[in-house]
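Read the structure below first, then the notes.
Atoms within each ligand, like the ligands themselves, are counted from 1 in listed order.
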Amino acid sequence: MTRAEIVVDLDAVRHNVRTLRELTGVAMITVVKADAYGHGMLPVARAAREAGSEWLAVATLDEVRALRAAGDTGPLLTWLTVPDEHYDDAIRADVDLTAYSVAELDEIAAAATYVGAPARVQLKVDTGLHRGGASRPHWEPFLARARAGEEAGSWTVTGIWSHFACADEPDHPANDAQQAAFDDALALAASIGLEPELRHLANSAAAILRPQARYDAVRVGLATYGLDPAPTVAHGTDLRPAMTVRAELALVKQLEAGDAVSYGHTWTAPERTTVGLVPAGYAEGVPVAGSNRLELAVDGKRRAVRGRVCMDQVLVDLGGDTPPEGSEVVLFGPPGDGRATAQDWAEACGTINYEIVTRIGGRMPRRYVGEVVGQPGGAS
Ligand SMILES: *Cc1c(COP(=O)(O)O)cnc(C)c1O
């Protein structure tokens, strides 16, 4: 019936939020940017709030608007804007804006004047990722402008934060250096008279692996979805992958030794075998880099992808077996029953699990399972 679909387990999301909140013991900022890493922003946002996440965070103001339009009214942080951004709606909607520079603070001040209400502003300092945030030589004028704006009634400074570069490598010296720099920024802010309620530094990996970096809150994206933010480090956190990508086997056919498959004939059957046609391809986010490398499960048995991944479909080696057409194919999902995981796919393709789940989608609908908020007793 369903050609190919993404199944998202909201109970797993809730379990992960509760587990991480309990583990860290500080406020949870669940990161639902990029359509909740491919899991669907609105259902995940509701599930995270329900599981006790005090905050949500997204990157862009468009994502803010989508959340507020859907009725989310809770604490919400955003951090990626460009010059001439329209802050009015976000100020009216009590969203915490993140500023990186004096110029951005000036724009927010103008918007607050226009709206006639103070904004909520968090200050991002660059401690060594060298991406967003105020660079160290700019901290002092930046923090001073923030303090002046607070005194002028343009905003309340609600937070100060930064972001790690190497949190998934706990022994990397950049972590200590960044945390020391963050502490310097906090001390400087305090000396200027800023007393923000929320100081935060940790992403998923640091939230799990670096207790001393938890401060008042942690910004957790990937681990919310049950994926391991530090796959090479043993930490034993009980995370449940929320995403399963499944399809129905479209066709089974016999190949003779020497028959080559898919575009470019990049794989040739060394002996008589069978192959199955899986109706999902790179339009659905199955990486072409996974050609001849990915594995997936057919009827609970692990199978290898053969030949090049096509736009709409991919072939798997069934090794002479002839499972019925319509058999369940699991492209990836939680471990067990022969399934590959998003991490397996990432390793096969030379990428990271973040990219696998965030890019999966295309024409596939998402179906939600697990208790659905507002519909007691109902699985969707
Ligand atoms: C995406 C992002 C996060 C979440 O990172 P994870 O590794 O997914 O937990 C946190 N903070 C910032 C600034 C981000 O851009």
Side-chain angles (χ1 to χ4, degrees), residues 13 16-17 19-21 23-24 26-39 41 44-45 48 53-64 67 75-81 95-100 104 121-134 159-170 172 174-175 178-179 181-182 185 198-211 213-233 235 237 239 241-243 342-343 346 351-359:
V13 169
N16 297 330
V17 170
T19 299
L20 292 158
R21 225 171 137 268
L23 173 75
T24 60
V26 297
M28 177 61 65
I29 306 173
T30 300
V31 181
V32 296
K33 64 187 178 187
D35 219 1
Y37 294 40
H39 294 67
M41 182 168 69
V44 168
S53 183
E54 289 84 351
W55 287 77
L56 297 178
V58 292
T60 70
L61 288 177
D62 287 337
E63 292 172 321
V64 162
L67 270 176
L76 175 60
L77 172 67
T78 180
W79 54 67
L80 188 61
T81 55
V95 173
D96 282 48
L97 303 168
T98 297
Y100 298 172
E104 204 177 345
V121 174
Q122 301 207 16
L123 307 173
K124 185 171 185 200
V125 289
D126 182 1
T127 53
L129 176 62
H130 297 124
R131 197 175 71 178
I160 179 162
W161 63 277
S162 191
H163 193 40
F164 279 120
C166 306
D168 57 333
E169 299 170 61
H172 198 293
N175 296 313
Q178 283 198 263
Q179 187 156 359
F182 187 59
L198 218 59
R199 302 159 301 160
H200 48 104
L201 178 58
N203 57 0
S204 291
I208 291 169
L209 299 172
R210 198 174 168 86
R214 289 171 187 159
Y215 295 89
D216 303 313
V218 289
R219 297 185 311 275
V220 175
L222 191 77
T224 304
Y225 309 103
L227 300 180
D228 194 333
T232 61
V233 183
H235 53 83
T237 314
L239 299 174
M243 182 186 286
Q343 179 62 28
T351 181
I352 50 179
N353 50 10
Y354 292 77
E355 187 180 8
I356 295 294
V357 290
T358 303
R359 292 178 74 129

- prompt: Who passes side chain to side chain contact (heavy atoms under 4.5 Å, CB included) against E355, sequence neighbours left out?
  reply: T351, I352, R359
Short side-chain to backbone donor-acceptor contact, Y215 and V26, under 3.5 Å: no
query: So which residues, sorted by chain and number, lie with a heavy atom under 4.0 Å of ligand 1?
result: V31, K33, Y37, W79, R131, W161, H163, N203, S204, R219, V220, G221, L222, Y354
message: Quick check: closest heavy atoms across I29 and A217, and the distance to 0.1 Å?
response: CD1-CB, 3.8 Å
query: With sequence neighbours left out, which residue pairs that include part of residues 55-64 fulfil the salt bridge (Lys or Arg N to Asp or Glu O under 4.0 Å) condition?
result: D62-R65
statement: Hits for side chain to side chain contact (heavy atoms under 4.5 Å, CB included) against T78, two or more places apart or cross-chain, chain-then-number order -> V58, L61, V64, V95, L97
message: When you measure from the side chain of D216 to the backbone of A27, do you find a donor-acceptor pair of N or O atoms at a distance under 3.5 Å?
response: no
